[in-house]
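Letters go in sequence order (proteins before strands), and every chain restarts at 1. Please read these numbers as outputs of a predicted model, since none were measured by experiment.
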2 protein chains.
Amino acid sequence: MLMINPSLKTLINLAKVQAVIARRFDRLNMHGIGFTEFVILYLLQQSEEGKARRIDLADKIGITASGITRMLLPMEKIGLVTREANERDARVSYVVLTPAGKQLFTDAEKTANTLALEIMPAKESKDITSLTNILAKLGGNIT
Amino acid sequence: MLMINPSLKTLINLAKVQAVIARRFDRLNMHGIGFTEFVILYLLQQSEEGKARRIDLADKIGITASGITRMLLPMEKIGLVTREANERDARVSYVVLTPAGKQLFTDAEKTANTLALEIMPAKESKDITSLTNILAKLGGNIT
DNA sequence: GTAAAATCATTGAGTAGTCAAGTATATGTT
DNA sequence: AACATATACTTGACTACTCAATGATTTTAC
């Protein structure tokens with residue numbers, strides 16, 4: 001029985017915990033969207049102008065450029081976001097939050113908050129702070 | 001700009017960090033296996049008899065029964081694991097680690113350990129302990 | 001000012017899962 | 001003993017990504 005180091009063991013548990021949590025969120029099926037889509041709406045809503053470059057969204061949520069293209073396709077189709085060109089750089093295509101997208105986020109946010117508190121109750125604030133700090137060191141920089 | 005609660009924000013960062021780490025592990029392409037397959041080999045190797053029920057493996061790594069069936073198929077095909085019946089319960093089919101599977105784990109473990117230490121250096125032992133404890137509360141019970 | 005290198009986004013092909021439904025067996029209830 | 005419920009696993013159909021390659025544009029270096 002080979003031993004593995006504590007770092008690796010921790011990363012294995014991180015993967016497990018995340019898998020279970022992700023499934024719980026996705027099963028909520030919040031107003032028709034999944035967890036990643038919810039995070040995209042959150043980031044757009046939270047940005048100054050309600051828009052962002054595709055590559056920046058991808059980096060923030062930790063998926064690839066290809067992944068963001070594919071996630072956004074159905075979201076554009078159902079009208080949660082639209083496309084906008086950048087006048088100074090023709091390579092860039094902004095993702096813009098629509099009023100419908102903003103409204104859906106507002107609704108979904110309530111459901112998501114409830115589940116999040118079920119998983120990590122506010123009274124565990126020490127753990128929440130501690131976890132946030134560790135995740136920040138690991139690249140979790142979403143504010 | 002709607003605020004979301006700290007618990008939810010933490011879970012969003014957890015998802016991001018995990019996505020990035022998972023991709024790093026999978027890109028290693030450790031001797032032909034991915035991260036989840038590595039964890040399956042680890043759990044089998046670490047078990048008393050080098051075998052486990054499918055459902056128990058699934059629960060431990062946080063995927064569904066369906067998911068474990070699909071993960072194991074190619075692993076059986078390349079001979080890392082085999083199947084064994086349970087005499088007392090015909091519903092059960094054990095997953096058994098083969099010598100080839102054990103050998104591959106031994107090799108892959110070195111690569112995985114190195115990357116894990118790159119992500120969470122051993123000198124951050126306080127963080128590792130702290131993260132392990134928090135993950136344990138969230139259901140991360142792999143030892 | 002042109003060539004080389006970098007960046008942004010998309011596409012084709014594939015993988016690692018999901019859920020819902022189904023099969024087989026076992027267990028609990030009366 | 002019979003019937004209902006629960007458990008273990010698999011399958012069909014799907015989703016949410018991945019990588020590698022490509023096209024288009026911009027930036028950098030000479």
From the list [options], which nucleotide is the closest neighbour of the side chain of [X]?
X       : options                : answer
B/Arg91 : C/dC19, C/dA24, C/dT10 : C/dA24
A/Ile55 : D/dT26, D/dC17, C/dC8  : C/dC8
B/Thr69 : D/dA8, C/dT18, D/dT10  : D/dT10
B/Val92 : D/dC9, D/dT18, C/dA9   : D/dC9

side-chain N/O [X] vs [N] OP1/OP2, d < 4.0 Å:
X       : N      : answer
B/Ser66 : C/dA20 : no
B/Arg70 : D/dT10 : no
A/Arg83 : C/dT10 : yes
B/Arg27 : D/dT18 : no
A/Arg23 : D/dT15 : no
A/Arg54 : C/dT10 : yes

Q: Between A/Tyr94 and A/Ala19, name the one whose nearest nucleotide on DNA chain C is closer to the 5' end.
A: A/Tyr94
Q) When we call it a touch if two heavy atoms are under 4.0 Å apart, what does B/Ala65 touch: a base, just sugar-phosphate, or nothing? A) base
Q: Give the minimum heavy-atom separation between B/Lys9 and A/Ile142, together with the two atoms involved.
A: CG-O, 4.2 Å
